[in-house]
Structure formats: structure tokens, C-alpha cells
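The structure presented is a predicted model; accordingly, all values stated were derived computationally and were not measured. Letters go in sequence order (proteins before strands), and every chain restarts at 1.
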There are 2 protein chains.
Amino acid sequence: MTEQTPTLHTLKVSCSNCSLRELCLPVGLNREEMAQLDAVIRQSRRLKRGEYLFRSGEGFRSLYAVRTGYFKTCVSSQDGREQVTGFHMSGELMGLDGISASQHGCDAIALEDSEVCELPFNRMETLGRDIPSLQHHFFRLMSREIVRDQSVMLLLGNMKAEERLAAFLLNLSQRLSARGFAAYDFILRMSREEIGSFLGLKLETVSRTLSKFQQQGWLKVDHKHIQMLQPEELKALVAGCAQANSLR
Amino acid sequence: MTEQTPTLHTLKVSCSNCSLRELCLPVGLNREEMAQLDAVIRQSRRLKRGEYLFRSGEGFRSLYAVRTGYFKTCVSSQDGREQVTGFHMSGELMGLDGISASQHGCDAIALEDSEVCELPFNRMETLGRDIPSLQHHFFRLMSREIVRDQSVMLLLGNMKAEERLAAFLLNLSQRLSARGFAAYDFILRMSREEIGSFLGLKLETVSRTLSKFQQQGWLKVDHKHIQMLQPEELKALVAGCAQANSLR
DNA sequence: GCCACGCTTTGATACGTGTCAAGCAAGCCT
DNA sequence: AGGCTTGCTTGACACGTATCAAAGCGTGGC
């Protein structure tokens with residue numbers, strides 16, 4: 001109970017069959033348990049950019065873990081307003097919201113050609129009863145998602161445009177560097193509109209705010225290519241108003 | 001997997017020892033399983049208005065289910081901005097966000113004299129392995145929380161003040177009537193400021209919007225006493241922009 | 001009972017972000 | 001290559017909500 005929060009992802013992404021146990025299930029299983037888990041995890045599925053992994057309302061059977069690529073998840077209202085609820089990169093799990101009603105509660109869309117592992121939930125649940133640490137890990141993952149959602153609420157409820165964008169960029173930076181990529185030089189995989197939707201802003205505001213950061217010398221923005229020149233300044237901006245960097 | 005989403009609460013709140021199995025765990029357990037569960041659930045704890053049930057950062061050991069009374073949960077940033085993440089009434093569970101880091105991620109504060117049941121999480125987890133339907137129920141509850149958080153994001157990211165407040169009132173109305181209270185005539189347990197914090201608005205805006213609803217004849221507002229005179233109008237306002245009424 | 005305090009309402013004004021519109025750059029198709 | 005589409009930037013302006021301020025109303029304490 002006192003261990004560190006689990007690293008959801010390691011740097012070694014490209015294994016053989018399905019490297020998922022390394023990615024999102026670092027639970028300390030023994031050899032036999034590993035085998036059981038492998039038997040349950042389905043071969044990975046490939047998606048092209050723009051393809052739906054699942055849609056809101058579809059029957060829920062499986063969770064999906066990103067192996068490679070990039071996803072967004074979003075809920076939309078009847079009149080077409082769309083709210084991006086998260087961006088998901090390698091090692092991250094999608095579909096947890098589907099358990100409650102046995103149907104998916106959001107859309108998951110690939111932002112680039114991607115690959116996911118399918119985790120049939122029934123079987124994972126059964127397996128969790130045999131492997132306590134696996135069960136515990138799943139509870140932790142779901143709880144983690146709740147914590148993340150709470151910090152998004154804090155962001156949407158309290159922060160100004162500049163603070164939101166700074167928090168967003170810093171969060172991206174942190175997650176990328178945790179995966180072995182450069183922390184301060186990266187490519188955005190999503191459009192300004194999608195960023196805006198996530199942050200509760202219009203795309204013009206996102207664009208203007210990026211420009212402002214650039215003018216101040218904090219960033220270099222070349223379309224989707226972002227270089228953080230003075231990350232400390234961005235951190236100073238969100239220091240105070242963020243509880244943690246658990247956005248995603 | 002195809003059953004209805006569980007009613008988290010029944011109308012019979014005042015039982016003997018701990019009526020929690022009726023409230024938040026309607027899982028279809030047999031007599032022996034019930035006994036096991038009863039053995040794990042701790043005696044209820046009473047709190048006075050304003051008292052903290054737990055605080056962000058405290059060690060996490062238990063989930064808490066509201067037996068009677070009313071709570072708010074909130075996260076706060078270092079510089080003191082507070083975001084109310086939810087209001088909780090009888091039968092609802094608090095503390096799920098604490099599992100991930102083994103410490104509570106928010107504060108839980110009684111809005112009136114209240115009573116909760118303590119559910120030691122370790123023991124519940126163990127019990128879940130013996131009672132599959134209990135385990136499944138917990139996954140559902142957590143997933144449900146994630147779904148709720150997503151609709152709050154939609155609200156905070158996309159909706160205007162009037163829509164937010166209408167959605168909030170309708171959600172309250174629905175939850176109260178599910179507990180056997182009048183749907184269209186109730187007392188707010190929280191201040192304007194707390195409503196505002198939850199909805200991402202300032203208290204003045206909440207007040208003004210309530211006044212506006214009253215002027216239009218949709219509500220009668222007498223301090224904390226709300227009567228919904230034309231709920232259809234409120235519904236019309238949120239129709240389209242809400243995906244479901246799963247705020248809380 | 002009265003006073004003091006907290007909560008709420010209401011008004012005037014300011015500010016931030018949305019909206020609308022135009023122009024630009026990059027990528028894609030024929 | 002030309003012309004089209006798509007996404008991005010930038011400007012002018014409008015609108016919604018925040019901010020500041022003052023006054024009203026209830027409630028609880030003495």
C-alpha cells in the first residue's frame with residue numbers, strides 16, 4: 001500500500017507478441033501468471049488515422065491499451081457539441097467508462113496510424129480473482145482515471161486560457177519524456193480545434209495563446225512542432241493553480 | 001452484462017445496524033455472502049456540519065458511503081482555488097480517487113449533520129475475490145464515477161451559465177426523486193458559492209441566473225428553497241447539450 | 001431583543017474569450 | 001504545375017461572465 005504509484009509505461013515498447021504486460025500491467029506477476037495473462041490478451045489491432053476504435057453506445061466488451069500511436073476520446077451531446085475527454089499515448093488504457101453501463105460512453109479515435117491491444121474485460125475480471133495483484137492494479141488504474149478527471153475539472157472550472165494551455169503542454173511534455181522522447185521538443189498529434197475542445201477553448205484562442213507564448217520567447221511554434229524554450233516560465237504560470245500534472 | 005444499471009439507492013434508508021447493502025451494494029448476494037459483507041462494513045460514523053470526513057493527502061484506507069446527510073468533495077490548488085468535484089447524498093460512495101495513490105485526492109466535507117458507513121478497502125477487495133458479483137459491482141461503481149466526471153467535463157467545457165445551472169438543478173431533482181423525495185420542491189444544501197465552484201461560475205452568476213429563471217416563471221426561489229414550476233423549460237434548455245443526467 | 005455576521009441579491013463596469021471574417025501556408029488531387 | 005481543400009493565424013468586434021461595490025435579508029450569539 002505504500003509503494004510508488006505504478007509507472008504505467010516503460011520505454012521498451014517494441015517487444016514480441018504483445019508487450020502490454022510491460023506497458024500497462026507492471027504488476028509483478030510470476031511466470032505462470034504472465035502466461036495466463038498472455039492467453040487472455042488478444043492480438044493487437046491496427047487502426048488508420050481517423051478510424052474509430054469504438055463509439056459511444058456500442059456494446060462494451062474490452063478495454064484497449066495503446067501500443068503505438070495516438071488516440072483521442074470524446075463525448076458528444078445530441079446537438080453535436082464535442083468534448084475531448086483525453087488524449088492517449090502508448091501504454092494508456094481506454095474504455096474504462098464502458099464498464100458501468102456495459103456500453104461505451106465515449107468515442108475513441110486514432111489521431112495517427114495506431115496499434116492497440118484488446119483486453120476482454122470479462123476475462124480480465126475473472127483473472128483478477130486468481131491474481132490479487134492484478135485485481136488491485138485494475139482498481140488503481142480506474143482510480144487514477146478518476147484523479148485525472150478531477151484535475152481536468154479543476155482546469156476547466158478555474159483556470160484561464162494561458163494557464164490551461166501551459167498545463168496542457170507541460171503535461172504532454174512530461175508524458176513524452178516518461179516514454180523516452182524529448183521533453184522540450186515534440187510534435188502535436190492533434191489539431192488546434194481538438195486542443196481547444198479538451199481545454200474548453202475555441203481554436204482561435206488556442207492559436208492566439210500559442211502565439212503569445214512564442215512572442216514571449218517561451219515557445220517556438222512551427223505548426224505542430226513545439227519547442228519549449230523556457231519551460232520554467234510555463235511552470236511558473238501553472239504553479240499554484242495545478243494540484244498535480246495528472247491531466248492526460 | 002445486460003442487466004439494468006444498478007439503482008445505487010433504495011428508499012428504505014433507516015434500517016438496523018448498517019443498511020449499506022441496501023444502499024450501495026444491491027448485488028444479489030445470498031445470505032452467507034451478506035453476512036461476510038456485514039462483517040467487513042464498519043459501524044457508521046457521524047459528522048457534524050462542516051466537519052471533514054477525510055482530507056486530500058491523508059492516507060487512504062476506506063471508502064465511505066453516505067447513509068444520511070449531504071457531502072461535498074473538492075480539490076484545491078496550491079494558491080487556494082477550490083473546485084467542488086461533486087455533491088453526495090445518501091447511498092453514494094466517496095473516496096474512490098484515493099485508491100490510486102493510497103492517499104485521498106480530495107477533501108470530503110459534510111454539508112449538514114451526516115452519517116457514513118466505512119468500507120475498509122483492503123477487505124472489500126479481498127471479499128470481491130470470493131464474491132464475483134461484488135467485485136463486478138465495484139468495477140461498475142468506479143466506471144460510473146468516470147462517466148459522471150466526463151459529463152461534468154462536457155458541462156464545464158461547452159455549456160453556458162444557464163445551461164449549467166439548469167443541468168445541475170435537474171440532476172439534483174432526479175436524484176432526490178430517486179430517493180423518494182419530491183422532485184420539484186427541495187432545499188439546496190449548499191451555498192451559491194459552492195454551486196458556482198462546482199459549475200465553474202462565480203456565486204454572483206449563480207444568483208443572477210437563479211433570479212432570471214424565477215423571472216421567467218420557471219422556478220420559485222426562496223433562499224435555499226427551490227420549487228421547479230416549469231421543469232420542461234429547464235429540460236428544453238439542456239436538451240441537446242447534455243448527453244445524460246449523470247452529473248451528481 | 002438587538003446587533004453582528006454571513007450569505008445573497010443587484011447594479012455598474014471591466015475583462016477575457018467567443019464570434020465572424022479575411023488572408024495565408026501547406027498538402028493533396030487531377 | 002495549378003487549383004483546391006484544410007488547418008492555422010490574425011484582426012475587429014460582440015457577448016458573457018467576472019469583478020467590484022453596496023445594500024438587503026436571515027440567522028445565531030450575547
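- One interatomic measurement links the two molecules: CD of A/E193 to P of D/dT9, which rounds to 13 Å at whole-angstrom precision.
- In this structure, A/R192 atom CZ and D/dT6 atom C1' are separated by 13 Å, rounded to whole Å.
- The CG atom of A/L188 sits 15 Å away from the P atom of D/dG7 (whole-angstrom rounding).
- Between B/H104 and B/F54, the ring planes are parallel. Angles under 30° get that label, and only those over 60° would be called perpendicular.
- No contact: B/K212 has no heavy atom under 4.0 Å from any strand.
- A close approach under 4.0 Å does occur between a side-chain nitrogen or oxygen of B/T205 and OP1 or OP2 of D/dA18.
- If you take CG of B/D222 and C1' of C/dT8, they are 12 Å apart, rounded to a whole angstrom.
- Side-chain rings of B/F198 and B/F87 approach one another, their centers coming within less than 6.0 Å.
- Among the atoms of the strands shown, none is found under 4.0 Å from any heavy atom of A/G196.
- Using a 4.0 Å heavy-atom cutoff across all strands shown, A/L210 reaches no nucleic acid atom at all.
- A/K224 places its NZ atom 12 Å from the P atom of C/dG27, with the value rounded to the nearest Å.
- Between A/K160 and A/V221, it is A/V221 whose nearest contact on DNA chain D lies nearer the 5' terminus.
- Atom CG of B/L219 is separated from atom P of C/dT9 by 12 Å (rounded to the nearest Å).
- Residue-level contact check: B/S207 touches the bases, meaning some heavy atom is under 4.0 Å from a base atom.
- One finds a side-chain N or O of B/S211 lying less than 4.0 angstrom from the OP1 or OP2 phosphate oxygen of C/dT10.
- Atom CD of B/E82 sits in a crowded spot, with more than 12 heavy atoms from other residues, nucleotides or ligands closer than 6.0 Å.
- Considering only side-chain atoms of A/K202, the nucleotide from D/dT9, C/dT8, C/dG18 that sits closest is C/dG18.
- Between B/R189 atom CZ and C/dC7 atom P the separation is 17 Å, expressed in whole Å.
- With hydrogens and angles ignored, no donor-acceptor pair under 3.5 angstrom links the side chain of B/E204 to the base of C/dC7.
- The separation between A/L201 atom CG and D/dC8 atom P is 15 Å, rounded to whole Å.
- We find that A/R189 and A/E112 are joined by a salt bridge, their nearest charged nitrogen and carboxylate oxygen being less than 4.0 Å apart.
- For A/R208 and C/dG16, a side-chain-to-base donor-acceptor distance below 3.5 Å is absent, hydrogens and geometry of angles not being considered.
- Note that A/R179 lies outside the cation-pi zone of A/F181, set by a 6.0 Å cut-off to the ring centre and a 45° limit from the axis.
- Each of A/L203 and A/H223 was assigned the nucleotide of DNA chain C with the nearest heavy atom; the assignment lying further toward the 5' end belongs to A/L203.
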